[in-house]
Amino acid sequence: MTDKETNGQEVTAKSNFIHQQIEKDLSEGKNDGRVHTRFPPEPNGYLHIGHAKSICLNFGAALKYGGMTNLRFDDTNPEKEEDEYVRSIMEDVRWLGFDWGDRLFYASDYFDRLYAFALKLIREGKAYVDDQDAETISNQKGSPTRPGTESPYRNRSVEENLRLFEAMKNGDFEEGACVLRAKIDMTSPNMHMRDPILYRIMKTPHHRTGDKWVIYPMYDFAHGQCDYWEGITHSICTLEFEVHRPLYDWFIDQLKEGDYRPRQIEFARLNLTYTVMSKRKLLELVKERYVSGWDDPRMPTISGLRRRGYTPASIRNFAERVGVTKVEGISDVTLLEHSVREDLNKTAPRVMGVLDPLKVIITNYQAGEAEMVEAVNNPEDPEAGTRLVPFSGELYIEREDFMENPPAKFFRLAPGREVRLRYAYFITCQEVVRDEKGEVTALLCTYDPETRGGNAPDGRKVKATIHWVSAAHAVEAEVRLYDRLFMVEDLSEEKERDFKEFLNPGSLVIKQGCRVEPSLVQAVPFSHFQFERIGYFNVDPDSTPGKPVFNRTVALKDAWTKEKGK
RNA sequence: UGUCCUGUGGUGUAAUUGGUAACACGUCUGACUCUGGAUCAGAAAAGUUCAGGUUCGAGCCCUGACAGGACAACCA
């Protein structure tokens, strides 16, 4: 990880409806003027760009109003949760530039208190053990348009409930034999209020509590209470939990002693064009090897974006730009791409690299000789200085930069035409060399020694400047070019077919035999570069000594490609 | 045939809380340039889902439609 740990402070959050609600709460003197948020991932997968939005929102709001943010793992389902995910989530949050201080919690930290709270509800006649199976309970729940009916076990005595619940905890029953339910209202128009399940029996070891428990609380029974015990004031979550809010509030009502109470506020999750954002689908892509892993650079995961070459600042800026609302839409990936280009343009050192080499022989250059030319490291940053790049009579240029029969708006090299080799000399193409199949294998060119450094003393201009590397000095590299993972813009509109049918077969193109300037031999994994005129690249950890591997983060904006498309 | 949420340029958001639609990305011009990058200047693009109503005045308030979404896991 070579990106600097910024703590996200420089993100001056523009206002949104959540900030407005926080300000209203503050002005009404709620919760002693405290603002305390939390980021509550379930450790059942890697974090993605949608989580990044939530992280920025939660940590950002606390930063803005002088509050704090807790990191809390919502680990109430041992069947899905693993330590690997816990590890990766912490890494990703830190990498994004946020700090939860010493406030690292797990829902499982509260299992004892949750159990005690359940006991209290039973004693108050507000919870009961139901012996029915899942299907029966589900049928009794009714439907969104039809009220539910009460369980025959609903009115058991407090004593019996206490005894049964303890037996549940002691492992006296099999999985599925019974559950603990809240006694609320089976006719409520809100399905979540129809005697929701509080505890179920699961004889699966938990990643943190081991086999201490065989009963586990449901999300609804855990989340709000954890918020309460941690002193959370604003519990920000996504829209699908909106219908859970009355239940969230009901539990808080049972728990609350003073004036303090946490408040749940929902916002629309992030959707991005040409990708999927559900952990279930991402897990499927990983498990079935459609991608190389959670950190495959084509994945919208934070680890994937990191490996692809995205920077924390670019992701934070993106999160800021998409804003926070309750409108479910889909944001354009090009906005994300714009955010990295903007950041990398200011910070990435420029280098020269040729993806598809075409040999150029400078016929009037002394064979076997070489010299160093000075190149600017970053025109956007004078502090970045300059470097020396070797030049010789045998070079490689980009195959795309030469056309034998150039169309009107093609400005680059062509027979008889003169162009500038960046930071070096003007060259003119004199002759095209081809193999027996007619394939162009080399170009014979002449250079003008007077143009050293890139300018002609006689003031003559060239239409184009192209990049190059010296054949003898260049380092061979592998370059991985990425394109969108899916071929359709909005996957949510393709409900009829399996999402995997829309995978883009060309999302990864591996190019071997690329040539990069020698300064790149020892490039450190995860460092960023701009290959001049091509795009931004990131060193992949697959690199080996002497054989770097680069990932294309994003291409440079390219007027010629656009012109070609016309 | 329910309850709740949401409808503003192509996309994402704004609109001093009732005062005459703004910003970003994208698109299109042009300038500049040793990256067809960056930068700079400018343009096109919504009259706010629709219909009524209140008001001197409505994207904001009211009513009713319409459209999209969420909710019937012992998932979160």
Side-chain angles (χ1 to χ4, degrees), chain A residues 14-16 20 40-42 44 74-77 79-81 107 130 133-135 137-148 175-181 188-192 194 197-202 215-216 218-220 222-223 237-246 266 268 270 273 279-280 321-332 334-339 341-342 345-346 350 352 375-376 379-380 409-412 420-424 426 451 453-455 461-467 489 492 530-535 555-563:
Chain A
K14 68 179 185 193
S15 190
N16 59 51
Q20 288 166 10
E42 182 188 11
N44 67 341
D74 222 329
D75 56 352
T76 56
N77 183 354
E79 287 177 356
K80 292 185 177 175
E81 297 146 8
D130 194 335
D133 61 35
E135 200 190 334
I137 290 176
S138 166
N139 290 336
Q140 281 172 357
K141 276 215 168 158
S143 77
T145 53
R146 185 168 36 85
E175 285 189 9
C178 50
V179 291
L180 183 72
R181 291 229 257 167
S188 169
N190 184 329
M191 299 280 298
H192 296 278
R194 324 243 260 229
I197 290 167
L198 271 30
Y199 269 96
R200 75 285 212 192
I201 299 169
M202 286 180 118
I215 56 171
Y216 291 94
M218 299 290 290
Y219 164 83
D220 286 307
H223 201 97
C237 62
T238 44
L239 248 29
E240 68 268 28
F241 292 101
E242 205 156 25
V243 279
H244 293 239
R245 199 186 332 134
E266 312 84 12
L270 173 73
T273 52
K279 277 201 225 173
R280 198 210 91 225
R321 273 189 254 250
V322 292
V324 181
T325 62
K326 299 188 73 154
V327 185
E328 295 183 78
I330 182 163
S331 294
D332 206 320
T334 60
L335 186 58
L336 216 210
E337 293 176 343
H338 171 261
S339 295
R341 283 199 194 96
E342 178 187 58
N345 176 47
K346 288 180 295 191
R350 271 60 169 172
M352 290 194 283
V376 172
E380 300 293 317
K409 292 193 172 170
F410 183 85
F411 306 145
R412 286 109 96 152
R420 170 167 42 233
L421 293 180
R422 178 136 239 226
Y423 299 124
F426 285 9
T451 58
N455 286 301
K461 301 284 183 195
V462 287
K463 261 297 217 184
T465 299
I466 65 175
H467 59 276
E489 200 170 272
S492 71
Q530 184 200 96
F531 284 11
E532 295 220 28
R533 307 206 308 127
I534 304 177
L556 243 32
K557 280 205 253 171
D558 178 5
W560 167 239
T561 306
K562 203 182 281 179
E563 186 64 40

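Chain letters run A, B, ... following the sequence lines, proteins first, then strands; residues in each count from 1. In what follows, every heavy atom counts, from backbone to side chain, and hydrogens, waters and symmetry copies are set aside.
Comparing the P positions of B:rA15 and B:rG59 gives a spacing of 15 Å, expressed to the nearest Å. Rounded to a whole angstrom, the distance from the C1' atom of B:rA46 to that of B:rG7 is 14 Å. Across the P atoms, B:rA24 and B:rU39 are found 13 Å apart, a figure rounded to whole Å. Here the separation of B:rU13 from B:rA21, taken at their C1' atoms, is 13 Å to the nearest Å. Look at the C1' atom in both B:rA44 and B:rG26: the space between them is 13 Å, to the nearest Å. Here the separation of B:rU27 from B:rC60, taken at their P atoms, is 33 Å to the nearest Å. For B:rG47 and B:rG19, the C1' atoms lie 16 Å apart once the distance is rounded to whole Å. B:rC50 sits 15 Å from B:rA67 when the P atoms are compared, rounded to a whole Å.
Nearest heavy atom pair, residue A:Glu42 against residue A:Asp74, reads CG-O, 3.4 Å. In terms of heavy atoms, A:Asn16 sits closest to A:Val324 at ND2-CG2, 3.6 Å. When all heavy atoms of A:Ser331 and A:Val322 are compared, the closest pair comes out as OG-CG1, 3.6 Å.
Counted within 6.0 Å of NZ on A:Lys326, heavy atoms from surrounding residues, nucleotides or ligands total more than 12; the atom is thus considered enclosed.
In B:rG57 the base sits anti relative to the sugar, since the glycosidic angle is further than 90° from 0. Nucleotide B:rU17 carries a syn base; the chi torsion (O4'-C1'-N9-C4 or O4'-C1'-N1-C2) is within 90° of 0.
When only modelled atom types and interatomic distance are considered, A:Asp332 and A:Thr334 share a side-chain donor-acceptor pair under 3.5 Å.
Between the C1' atom of B:rC32 and the NZ atom of A:Lys463 lies a distance of 13 Å, rounded to the nearest Å. Rounded to whole angstrom, the span from the CD atom of A:Glu337 across to the P atom of B:rA38 amounts to 13 Å. Rounded to an integer number of Å, the gap from A:Leu180 CG to B:rC74 C1' is 12 Å. Rounded to an integer number of Å, the gap from CD of A:Glu79 to C1' of B:rA76 is 13 Å. The separation between A:Arg245 atom CZ and B:rA76 atom C1' is 18 Å, rounded to whole Å. Taking atom CD1 on A:Ile330 and atom P on B:rU13, their separation rounds to 12 Å, with Å as the unit. Following rounding to the nearest Å, A:Leu556 (CG) and B:rU35 (P) show an atom-to-atom distance of 11 Å. In this entry the distance linking NZ of A:Lys326 with P of B:rG12 reads 18 Å, nearest Å.
Annotation: of the two residues near RNA chain B, A:Ile466 and A:Thr145, the 5′-most nearest-nucleotide partner is A:Thr145.
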*Could you walk me through whether A:Gln530 and A:Arg341 pass the side-chain contact (heavy atoms from CB on, under 4.5 Å) test, one step at a time?*
CA-CA 10 Å; A:Gln530 184 200 96; A:Arg341 283 199 194 96; over 6 Å; no
*Dump the intermediate steps for side-chain contact (heavy atoms from CB on, under 4.5 Å) on A:Thr465 and A:Tyr423, then the final yes or no.*
CA-CA 9 Å; A:Thr465 299; A:Tyr423 299 124; over 6 Å; no
*Determine, step by step, whether A:His223 and A:His244 satisfy the side-chain contact (heavy atoms from CB on, under 4.5 Å) criterion, reporting the C-alpha distance in whole Å, the side-chain angles of both residues, the deciding distance to 0.1 Å, and the verdict.*
CA-CA 11 Å; A:His223 201 97; A:His244 293 239; over 6 Å; no
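Taking CZ of A:Arg200 as the start and CG of A:Leu180 as the end, the distance is 12.5 Å to the nearest 0.5 Å. Here the CG atom belonging to A:Asp558 is positioned 10.5 Å from the CD atom belonging to A:Glu563, to the nearest 0.5 angstrom.
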Sub-3.5 Å pairs of nitrogen or oxygen atoms, protein against nucleotides 22-27 of chain B:
from: B:rU27; atom 1: OP1; to: A:Lys562; atom 2: NZ; distance (Å): 3.0

Distances for protein N or O near nucleotides 66-73 of chain B N or O, under 3.5 Å:
from: B:rG69; atom 1: O2'; to: A:Glu328; atom 2: OE2; distance (Å): 2.6
from: B:rC71; atom 1: O2'; to: A:His192; atom 2: NE2; distance (Å): 3.4
from: B:rA73; atom 1: OP2; to: A:Ser138; atom 2: OG; distance (Å): 3.4

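Listed nucleotides: B:rC75, B:rG12, B:rA15. Nearest to the side chain of A:Gln20: B:rA15. Closest to the side chain of A:Arg412, out of B:rU35, B:rA76, B:rG36, is B:rG36.
A 4.5 Å side-chain heavy-atom check between A:Met218 and A:Val179 finds every atom pair outside the cut-off. Using a 4.5 Å heavy-atom cutoff, the side chains of A:His192 and A:Pro246 are not in contact. Using a 4.5 Å cut-off on side-chain heavy atoms (C-beta onward), A:Arg181 and A:Ile137 make contact. With a 4.5 Å cut-off on side-chain heavy atoms, A:Leu556 and A:Phe531 do not count as touching. Between A:Met202 and A:Asn77, the closest side-chain pair of non-hydrogen atoms falls below 4.5 Å.
An OP1 or OP2 oxygen of B:rG2 is reached within less than 4.0 angstrom by no side-chain nitrogen or oxygen of A:Arg194. Look at A:Thr325 and you'll find a side-chain N or O under 4.0 angstrom from OP1 or OP2 of B:rU13.
Contact annotation for A:Asp220: no contact, since no heavy-atom pair falls under 4.0 Å across all strands. A:Phe410 comes within 4.0 angstrom of a base, heavy atoms only. If you check every strand for non-hydrogen atoms under 4.0 Å, A:Thr76 touches sugar and phosphate atoms only. Contact annotation for A:Arg350: base contact, defined as any heavy-atom pair under 4.0 Å involving a base atom. Heavy atoms of A:Pro379 sit under 4.0 angstrom from at least one base atom. Heavy atoms of A:Asp133 sit under 4.0 angstrom from at least one base atom. Heavy atoms of A:Gly176 sit under 4.0 angstrom from at least one base atom. Backbone-only engagement by A:Val327 is indicated by non-hydrogen atom pairs under 4.0 Å involving sugar-phosphate atoms exclusively. Contact annotation for A:Lys279: no contact, since no heavy-atom pair falls under 4.0 Å across all strands. Heavy atoms of A:Tyr216 sit nowhere under 4.0 angstrom from any nucleic acid atom.
Counting only Watson-Crick and G-U wobble pairs whose two distances sit under 3.5 Å, RNA chain B takes part in these stems of three or more pairs: B:2-7 with B:66-71, B:10-13 with B:22-25, B:27-31 with B:39-43, B:49-53 with B:61-65.
Contact annotation: side chain of A:Gln530 to base of B:rU35, donor-acceptor pair present below 3.5 Å.
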